[in-house]
Amino acid sequence: MSVDMLTKGAIMRLATCDDDDDLFNSGVVLQALSVKSINEGKEGKQGEKPAPKPGQAERLRIILSDGEWFMQAMLATQLNDVGIEKNSIVRISRASRNIVQNRRLVIVLGLEIVQHFDEKLRRDPNDEKQPWSLPSEYLKVKPDGENGQSPAPQSKPAAAPSTSAVPRTSTPQLPAQPHRDSKNTAPNGRSIYPIEGLSPYQNNWTIKARVTQKSDIRRWSNQRGEGRLFNVTLMDDTGEIRATGFNQAVDELYDKFEEGKVYFVSKARVNLAKKKFSNVNNDYELSLERSTEVEPCLEAADVPTIKYNFVKLDALQEVPKDSNCDVIGVVKEVGELSEITTKTTNRTMKKRELTLVDDTGFSVRVTLWGNTAEKYEEEGHPVIAFKGVKVGDFGGRSLSMLMSSMMFVNPDTTEAFHLRGWFDDDGKTLQFSSHTSGGGGAGTGRGFDRDDQRTLMEIKNANLGMGDQPDYFSSRATIMHIKDNNFAYPACRSPDCNKKVVENGPGEWRCEKCNVSHSSPDYRFMLQLAVADLHGQAWFQGFNDAGQIIFNRSANEIMQMKEAGDDDGVLRAFAQANYQAFNFNCRAKADTWNDETRVRYGITKVEPVDFVKEAQYMRDKLQSEWGAEI
DNA sequence: CCCCCCCC
């Protein structure tokens with residue numbers, strides 16, 4: 001392989017012929033003489049790869065050569081990861097030609113690596129057949145529209161090739177119009193522009209896109225002012241982009257957009273997207289102005305309905321926390337509708353958890369919020385596709401819907417049909433693994449997981465709780481001892497306070513946090529339990545919820561006995577709690593106190609062993625394939 | 001010009 005494989009004349013055509021789609025039919029093979037981030041110049045340091053601005057994808061500027069001429073081009077950011085390097089030979093399948101400040105700018109939209117650099121491709125610096133920089137006259141656009149009347153390069157020495165580099169006559173049409181067939185013509189006569197080609201350097205575009213998501217109208221108010229806004233996500237077969245309309249644009253456009261329908265959109269402003277606020281896969285977003293044109297499109301079969309990039313459930317471990325992904329799975333369990341109160345804003349949120357499984361044998365919990373949670377009423381085990389759900393690390397991996405997420409029940413996709421068949425044939429009887437950190441452990445938040453319980457020895461051997469994140473596990477253990485000093489503390493009676501109160505005088509229990517005094521405290525359990533199973537022992541911490549189940553009475557009742565001098569009663573209460581077996585769900589987390597680090601096991605849920613359930617479980621286990629094997 | 005997306 002050598003530079004001979006490069007497509008001679010391609011640079012000239014790329015630079016000067018706006019409508020030259022034939023150029024790509026057989027593939028254009030070029031060499032990247034340089035690959036640099038556009039930030040590089042500003043950073044100044046040579047050879048050091050500059051970090052892109054936070055939340056901003058890196059954008060690469062490449063120099064492309066056909067062996068005769070070279071020119072600069074930009075790489076669409078979705079190609080950042082194709083692995084292009086200095087001197088790589090690449091095949092370009094698509095590029096958009098744009099005009100920026102009367103100069104042509106080529107953005108490469110489709111590219112594959114043909115060959116990475118090797119020594120055979122290194123040029124002899126004395127070789128006269130070096131490619132030459134395309135004279136800037138070729139790249140200039142004359143304001144009167146006389147484009148493409150490119151002058152012959154004057155300054156090029158005779159040693160350079162000349163005949164094959166003569167440019168084709170180009171059409172004097174501006175701006176670049178990637179697709180020119182009638183199907184792709186907007187009502188305003190302009191050609192349809194692909195979403196992935198949109199950039200702030202581009203005006204006069206029209207996109208043809210489906211609304212995949214439309215928000216409610218939101219109000220905001222902050223120091224800078226207040227107003228109303230809405231978002232839509234627009235999608236075509238090349239990509240997606242988020243569009244936002246403020247105030248007047250809300251009145252003008254909100255009702256025009258309908259989720260699922262296709263529109264021609266033009267004359268919106270293209271801004272850099274603040275990536276941390278959006279999971280839409282685009283560096284840019286649209287600002288819908290009053291002058292923005294939105295026309296419904298009826299012939300829209302060519303615009304895809306939705307583009308998924310499904311992650312299999314076993315691969316969620318590889319997806320970073322807080323990023324977004326698409327998943328599809330069968331609903332194995334549906335949680336009850338419940339309500340949580342947020343810590344920061346004290347708002348109540350309705351939520352519901354689904355357990356999703358797929359044919360990798362993994363399960364994951366997905367949280368639905370608000371209306372979606374409330375209105376969920378699917379029966380049985382539907383297949384559900386989620387687009388843009390947030391990845392959390394609760395219980396190893398968890399998923400949570402965002403405002404921008406989408407949920408599709410029983411979608412018409414091959415993945416859905418495949419999973420339907422798989423679940424009905426095999427999946428429904430299988431056991432699933434959840435993503436757990438620290439090498440073992442249980443589903444949490446739900447009930448005790450009989451299939452995923454750990455022995456106390458395993459918990460210690462697996463070093464659960466030693467990582468940065470807490471680990472959660474299920475264990476069945478017997479209480480061997482309950483510390484009887486400080487088993488309860490006097491707590492504030494204000495709702496949701498539970499802080500410790502101090503007795504300032506008779507009938508005066510003061511809470512520093514609430515700044516009130518109560519005539520009596522509300523005693524709450526604070527337990528240190530020595531527990532054991534067949535393989536080991538551990539100390540578990542339990543608070544009020546756990547204490548009430550373990551003692552089967554409140555801390556106040558025991559404190560009353562104590563204060564009344566009924567020592568026998570207190571002893572009996574402790575004796576009854578001891579030597580019982582419980583199913584524990586715990587949270588393991590290391591903490592350091594007095595320079596000593598140790599793992600604390602906090603009880604998140606405790607339930608008495610249900611012997612009827614346990615007997616049924618064992619019977620079913622023996623009748624299962626597992627039983628047949630032994 | 002928003003940007004909250006929450007809990008165990």
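The chains referred to below are lettered A, B, ... by the order of the sequence lines, with proteins before strands, and numbering in each begins at 1.
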Open item on the list: Would you say the base of B:dC1 stacks on A:F246 (centre-to-centre below 5.5 Å, plane angle below 30°)?
Closed with: yes
Open item on the list: In this structure, how many angstroms lie between the P atom of B:dC8 and the CZ atom of A:F543, rounded?
Closed with: 14 Å
Task: For atom NZ of A:K390 and atom C1' of B:dC4, their distance in whole Å - done: 11 Å
- [ ] Report the residues that fulfil ring-ring contact (aromatic ring centres under 6.0 Å, His included) with A:F551, sequence neighbours left out, ordered by chain and then residue number.
- [x] A:F525, A:F574
Open item on the list: Testing the 3.5 Å rule here: is there a donor-acceptor pair between the side chains of A:N498 and A:R524?
Closed with: yes
Open item on the list: Once salt bridge (Lys or Arg N to Asp or Glu O under 4.0 Å) is applied, what residue pairs with a partner in residues 213-231 of chain A remain, sequence neighbours excluded?
Closed with: A:R228-A:D251
- [ ] Give one of base, sugar-phosphate or nothing for A:S400, where a contact means two heavy atoms less than 4.0 Å apart.
- [x] sugar-phosphate
Open item on the list: Is there a salt bridge (Lys or Arg N to Asp or Glu O under 4.0 Å) between A:K351 and A:E353? Walk through the geometry before answering.
Closed with: CA-CA 7 Å; A:K351 72 155 205 178; A:E353 310 239 318; 3.2 Å; yes
TODO: For A:E336 and B:dC8, give me the distance from atom CD to atom C1', rounded to whole Å.
DONE: 17 Å
Open item on the list: If you compare every side-chain N and O of A:K274 against the phosphate oxygens of B:dC1 (OP1, OP2), does one of them come in below 4.0 Å?
Closed with: yes
Open item on the list: Just N and O in the side chain of A:N222: are any of them under 4.0 Å from OP1 or OP2 of B:dC1?
Closed with: no
- [ ] Classify the nucleic acid contact of A:R242 as base, sugar-phosphate or nothing, counting any heavy atom under 4.0 Å across all strands shown.
- [x] base
Task: Row check, A:W539 ring normal vs A:K483 NZ/CZ: under 6.0 Å, within 45° - done: yes
Open item on the list: Any base atoms under 4.0 Å from A:R218, or only sugar-phosphate, or nothing? Heavy atoms, all strands.
Closed with: base
Task: Donor/acceptor link under 3.5 angstrom from A:R228 side chain onto base of B:dC1 - done: no
- [ ] Could you tell me whether A:E285 contacts a base, only the sugar-phosphate backbone, or nothing, with contacts defined as non-hydrogen atoms closer than 4.0 Å?
- [x] base
Open item on the list: Nearest to the A:F394 side chain among B:dC8, B:dC2, B:dC4, which nucleotide is it?
Closed with: B:dC8
- [ ] Report the distance from atom CZ of A:R587 to atom C1' of B:dC8, rounded to the nearest whole Å.
- [x] 10 Å
- [ ] Let me know the distance between CG of A:L368 and C1' of B:dC5, rounded to the nearest Å.
- [x] 13 Å
Task: Whole-Å gap separating P (B:dC1) and CG (A:L286) - done: 14 Å
Open item on the list: Does A:R347 reach a base, just sugar-phosphate, or nothing at all? Heavy atoms under 4.0 Å.
Closed with: base
Task: Upstream residue (5' side of DNA chain B) when A:M403 and A:Q248 are each assigned their closest nucleotide - done: A:Q248
Open item on the list: Pairing donors with acceptors under 3.5 angstrom, does anything connect the side chains of A:S363 and A:T355?
Closed with: no
TODO: When you get a sec, tell me which of B:dC7, B:dC2, B:dC6 is the closest nucleotide to the side chain of A:T367?
DONE: B:dC7
Open item on the list: Should A:F277 be counted as stacked on B:dC3, where stacking needs a ring-centre gap under 5.5 Å and an angle between planes under 30 degrees?
Closed with: yes
Open item on the list: Rounded to whole Å, please give me the gap between CZ in A:R352 and C1' in B:dC6.
Closed with: 18 Å
Open item on the list: From the set B:dC6, B:dC8, B:dC1, return the single nucleotide nearest to any side-chain atom of A:I340.
Closed with: B:dC6
Task: Value in whole Å for how far the P atom of B:dC2 lies from CG of A:D216 - done: 19 Å
TODO: Could you check whether A:K351 gets within reach of a base, just the sugar-phosphate, or nothing at all, counting any heavy atom under 4.0 Å?
DONE: base
